[in-house]
Amino acid sequence: MTTTKVRPLNDRVLVKRMSEEEKTAGGLFIPDSAKEKPAKGVVISAGPGKVDDNGKRTPLEVKAGDKVLFGKYSGTEIKLDGEEHMILREDEILAILEA
Amino acid sequence: MTTTKVRPLNDRVLVKRMSEEEKTAGGLFIPDSAKEKPAKGVVISAGPGKVDDNGKRTPLEVKAGDKVLFGKYSGTEIKLDGEEHMILREDEILAILEA
Amino acid sequence: MTTTKVRPLNDRVLVKRMSEEEKTAGGLFIPDSAKEKPAKGVVISAGPGKVDDNGKRTPLEVKAGDKVLFGKYSGTEIKLDGEEHMILREDEILAILEA
Amino acid sequence: MTTTKVRPLNDRVLVKRMSEEEKTAGGLFIPDSAKEKPAKGVVISAGPGKVDDNGKRTPLEVKAGDKVLFGKYSGTEIKLDGEEHMILREDEILAILEA
Amino acid sequence: MTTTKVRPLNDRVLVKRMSEEEKTAGGLFIPDSAKEKPAKGVVISAGPGKVDDNGKRTPLEVKAGDKVLFGKYSGTEIKLDGEEHMILREDEILAILEA
Amino acid sequence: MTTTKVRPLNDRVLVKRMSEEEKTAGGLFIPDSAKEKPAKGVVISAGPGKVDDNGKRTPLEVKAGDKVLFGKYSGTEIKLDGEEHMILREDEILAILEA
Amino acid sequence: MTTTKVRPLNDRVLVKRMSEEEKTAGGLFIPDSAKEKPAKGVVISAGPGKVDDNGKRTPLEVKAGDKVLFGKYSGTEIKLDGEEHMILREDEILAILEA
């Protein structure tokens, strides 16, 4: 349980990392090559969205509970209640995984 | 069959790589030179499009089933059900191949 | 007590650094790895916001009293009344911590 | 004859390279110096144009059949039916040659 | 007394440097560390503001007489009547100091 | 006489280089120093202008016949009917020379 | 007397350099330090201004006759009638000097 609530700003998203060994139901597998490979996580909370040129916020596409892929070298890592989390910009999230 | 559905965000596109030996009907052939050569793939799913300055999404030009050319060093590779896939931004897709 | 008042301009924010040993109630802990790790602080004062393309200011999302996470190498440090402070752009703040 | 149709996306253009020895009627000649020299080609197909900030496409200025000059190091080369082609952004095309 | 009047253009600001030894009433002190530290100065004159995309000027937030903090490596230095001054863009000014 | 007509695209301009020895009537002279020095030429043809964010073209300021100064390392050189020409973006042209 | 008229384009400005020994009435003096120091000149002619996103020109703030400060490494130098001149963008001009 996360007692400290981390509320991401603007277009940032808090993601709890999933271990690389965890295979999803459908058999997603991260290849063992030299190229950059995505990491997996679950969205814990998402910011209110970026403010556009007219002063309005565009809500983010991801929401709490979404399983997401993100670039391995993206974002900033923090530990919350002993578990690895990431703070990313939504633009660094590649895709949502659906079971 | 892809059991895990990967839903790309914004202007991102999921592409299944076609092997470089596969020649299309019309004889597309990737030359053997030092210059960057495009890779081929088939679009599995496409994001909803990027949000413009007025908060509206512009739908992508590519759709599931399109055969596409993309820069060899573009995007992020992932393995889905044992097969090589790429997540690209639409802007990294050069052209659609039509038979 | 801060006698000299520092009023940040535009989208800048004055933050008093919290020591890295201080653990928040919920157990936030900054991991000991090679990756960039966020620092913590409390907002002392926030600028009036950036001027957009139409000459209007978008107010900032953070306000005095907010506990915030920010990139370790972000901003400019100043000492006020003997204590370490930072002047950051709001965009360099990753998230607000809520107890 | 090109059996595989390559449909360029957005502001991209498919160009069939003309050999550098081919001199146009009017005597265009590419000088033998150290500076970057343009290459020549004929437009095979042009994309529908880029989407602007209001979601509208601006049609391209070049069209199939146009003879064009482009920077030697621009674009991505592909071989179609045994002949060298380039995929370029319109902005990489310098000029249209008229006989 | 400054006899030569220096009128900054657009979003530029003329600032007279305050010596680093001068401590403000409230005890502002610039720490002795390796990180970039701000410098202090007093605004002598401010430009009329930047022209936005609609051709209107947004007036600057700082005005003559303001005590300001700015990045140590920002701007261009000039000597006026024997004293060190800086010409800065407003965006290089971090905060206004209030007594 | 230029038989091959070169029609520059968008904001590009075709310029015929003038030799550096040619002094204009008013005595323009390019100094012999280490700093970048402009080159001279006469505009042969100018593109229709760049398309702005609203899809309209802004006509160029230069026109055929104008004598212009441009940065020595700007643009792409081509030979037309045996004479050195340049293709430049209008923004690379510094000034128009008037006799 | 300048016989060749140089008409700067868009936001460019033609400036005649003033020698560094020349002190203005008010005693402006350029310090002898390692930091970049501004140079001085008098505006000979100014362009009509930059075209904004709506196709309108914003007139420049400087005009012929203004004494200006500009970054030492800014612009392109040309010799006109034996005297050193610079072609600068207005944005490279730091301030106007008033006697």
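Bear in mind that the values here come from a model prediction, so they are computed numbers and not experimental data.
- Here the straight-line distance linking atom CD1 of G:I78 with atom NZ of F:K40 works out to 10.0 Å at 0.5 Å rounding.
- The structure places CZ of G:R57 at 8.5 Å from OG1 of F:T58, a figure rounded to the nearest 0.5 Å.
- Residues F:A95 and G:P8 come closest through the heavy atom pair CB-CA, 3.8 Å.
- The shortest non-hydrogen separation linking F:I93 to G:R12 is O-NH1, 3.2 Å.
- Here the straight-line distance linking atom OG1 of G:T76 with atom NZ of F:K72 works out to 11.5 Å at 0.5 Å rounding.
- Looking only at side-chain heavy atoms (C-beta outward), F:E61 and G:N10 come within less than 4.5 Å of each other.
- One finds the CG atom of F:L94 at 10.5 Å from the CE atom of G:M86 (value rounded to the nearest 0.5 Å).
- Between F:D66 and G:R7 there is no salt bridge, since no side-chain N of the basic residue sits under 4.0 Å from a carboxylate O of the acidic one.
- Of the listed residues (F:V62, F:V68, F:L69, F:D91), just one forms a side chain to side chain contact (heavy atoms under 4.5 Å, CB included) with G:L9, and that residue is F:V62.
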